[in-house]
Amino acid sequence: MRYAQGGGLTDERQEFREGIRRAAAGRFARDEPSSAIAKDLRVSVRSVQRWRKSWTKGRPRALRSTGSASPPRLSEDQFVQLDAELARGPRAHGRPDQRWTLTRIKTVIGRRFHKSYTIQGVRKLLIRHGFSCQIPARRAVERDDEAITLGEGDLAAGGRTAAALGAWIVFEDESGFSMTPPIARTWARRGHTPVIRVRGRSRRRISIAALTCYKPGERARLIYRPRRDDGRRDGRKSFAWTDYRSLLQVAHQQLGGPIVLIWDNLNVHPDARMRTWIADRDWLTVHQLPPYAPDLNPVEGIWSLLRRGWLSNVAFTSPDHLVQTVRHGLRTIHYRSDLIDGCLAGTSLSITPTTPRFQAQ
């Protein structure tokens, strides 16, 4: 079916419908059954019954088409206003959560512009203007965007320091992986939810401290060290400051140059012993990430790749199976420098080889 520019039916289609109604009116006068008329005109019996009822009340004049009943679209200026309303968020419109649904957007259009859209009409309107249904990124309520801006300036200063020293820019982060795997979507017969069998009582886990290393003109590198949980309730499950010391020493040997280290505010990082050790190393300069800003750390992208690509839906049989799978995934990423570069690009930070400085795009 073709539609005119304004959203209504074309003249040809309008004339075609008028012809069907006139033919039906002539057969109503001969009192033919609705089923026979519907079969000959290739329309539904309900439509013929509705036309017959209108014809009985008002004769042929009642069967004249009144044109398309579809409402006019929002103008471009009106959609700009709608975009601003959606940017305010659902809570600004009295919703208890932060989720836009087609029904809620339909309500906003009706209240704001006094126009009625169907659910599918709202969907097509949004798609036509570049919208899509997405999974939102989470941000901490405590996050201070002004502090994040200042922190990005500190990162840029770290990049200038690295350029002046000819150093590597190194990001660090730690993450833990248990024998309960992350869940990913999988195909199954409709109405039958797929089931993944996992260990329900195992407390064993593995902690990984990883470094993503960048330098203009050099291949991006990934350096990591695992730490297995010994299973004791009184045992340490995360890295101590001595573990970070060993990791940084290994990184210095492998990279063969000065390091500008950028890491978060984990309680082990500002440890007095750690600060003393860093102060005694002229090849190591440290900068802190802003609080609640994991999106500025490319190592977070490494964890995401690992979970989606190697750990999702895996039924781990033993702690050794978990360790082997994590090592295999990290080893694969280590040899794929394009993936490590992609994790940096995901933070909106870049290292420009033409101008040797670290900057936020």
Side-chain angles (χ1 to χ4, degrees), residues 1-83 85-86 90 93-97 99-135 184-195:
M1 184 184 298
R2 295 185 298 118
Y3 287 87
Q5 184 69 25
L9 297 171
T10 61
D11 294 339
E12 295 84 357
R13 188 64 178 174
Q14 194 75 16
E15 292 177 2
F16 177 73
R17 288 194 169 186
E18 289 284 356
I20 289 180
R21 290 187 173 93
R22 285 195 298 269
R27 303 183 68 168
F28 292 156
R30 295 193 295 271
D31 199 21
E32 296 185 15
S34 298
S35 58
I37 299 175
K39 182 178 180 180
D40 293 342
L41 299 181
R42 296 183 180 180
V43 295
S44 66
V45 177
R46 291 290 300 275
S47 297
V48 175
Q49 291 173 347
R50 187 174 65 253
W51 295 344
R52 185 187 294 273
K53 183 177 181 181
S54 300
W55 182 84
T56 303
K57 291 181 178 179
R59 294 296 175 179
R61 187 184 307 175
L63 294 181
R64 293 179 181 176
S65 175
T66 57
S68 174
S70 58
R73 295 178 177 178
L74 289 179
S75 65
E76 291 300 325
D77 292 339
Q78 289 175 328
F79 190 85
V80 171
Q81 299 176 34
L82 175 63
D83 191 5
E85 293 293 334
L86 298 181
H93 292 268
R95 302 298 180 179
D97 53 34
R99 183 168 58 111
W100 277 123
T101 63
L102 295 177
T103 303
R104 293 179 177 182
I105 298 175
K106 175 180 181 294
T107 302
V108 172
I109 294 175
R111 291 176 178 175
R112 182 70 174 78
F113 306 104
H114 306 289
K115 293 188 177 183
S116 177
Y117 269 77
T118 63
I119 297 298
Q120 288 300 317
V122 174
R123 177 179 174 274
K124 293 178 181 179
L125 174 70
L126 296 176
I127 292 177
R128 188 165 59 248
H129 287 84
F131 280 66
S132 63
C133 188
Q134 306 174 35
I135 298 177
R185 293 185 179 184
T186 182
W187 286 94
R189 186 176 295 278
R190 184 176 300 169
H192 297 270
T193 303
V195 177

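Just the heavy atoms: all of them, side chains too, but no hydrogens, waters or symmetry mates, feed the values below.
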Practice item. For residues His93 and Ile105, determine if any side-chain heavy atom of one lies less than 4.5 Å from a side-chain heavy atom of the other. Key: no
Check your understanding: Checking Lys115 side chain against Ile109 main chain: does a donor-acceptor pair fall under 3.5 Å?
Key -> no
Point to revise | Inter-residue atom distance Cys133.SG - Leu126.CG, 0.5 Å rounding | key: 10.0 Å
Practice item. Using the test side-chain hydrogen bond (donor to acceptor under 3.5 Å, both in side chains), find all partners of Ser132 that sit at least two apart in sequence or belong to another chain. Key: Gln134
Review point. Between atom OG1 of Thr118 and atom CG of Leu102, what is the distance when rounded to the nearest 0.5 Å?
Key: 9.5 Å
**Study point:** Side-chain heavy-atom pair Arg52, Ser34 within 4.5 angstrom cut-off
**Key:** yes
Review point. With sequence neighbours left out, what residues match Glu32 under side chain to side chain contact (heavy atoms under 4.5 Å, CB included)?
Key: Arg27, Arg30, Ile37
**Study point:** Sequence-distant partners of Phe131, ring-ring contact (aromatic ring centres under 6.0 Å, His included), two or more places apart
**Key:** Phe79
Review point. Any chance CZ of Arg128 has more than 12 other-residue heavy atoms, nucleotides or ligands included, within less than 6.0 Å?
Key: yes
Review point. Quick check: does any side chain N or O of Tyr117 sit under 3.5 Å from a backbone N or O of Leu74, one acting as donor and the other as acceptor?
Key: yes
Check your understanding: Which residues pass the side-chain hydrogen bond (donor to acceptor under 3.5 Å, both in side chains) test with Asp97, sequence neighbours left out?
Key -> Arg104
Exercise for review: Give, for atom CZ of Arg73 and atom CG of Leu125, the distance between the pair rounded to the nearest 0.5 Å.
Suggested key: 8.5 Å
Review point. Hey, does Trp100 have a side-chain heavy atom less than 4.5 Å from the side chain of Val108?
Key: yes
**Study point:** Qualifying residues under side-chain hydrogen bond (donor to acceptor under 3.5 Å, both in side chains), relative to Gln81, sequence neighbours excluded
**Key:** Arg112
Exercise for review: Would you please name every residue forming a side chain to side chain contact (heavy atoms under 4.5 Å, CB included) with Ser35, sequence neighbours left out?
Suggested key: Pro33
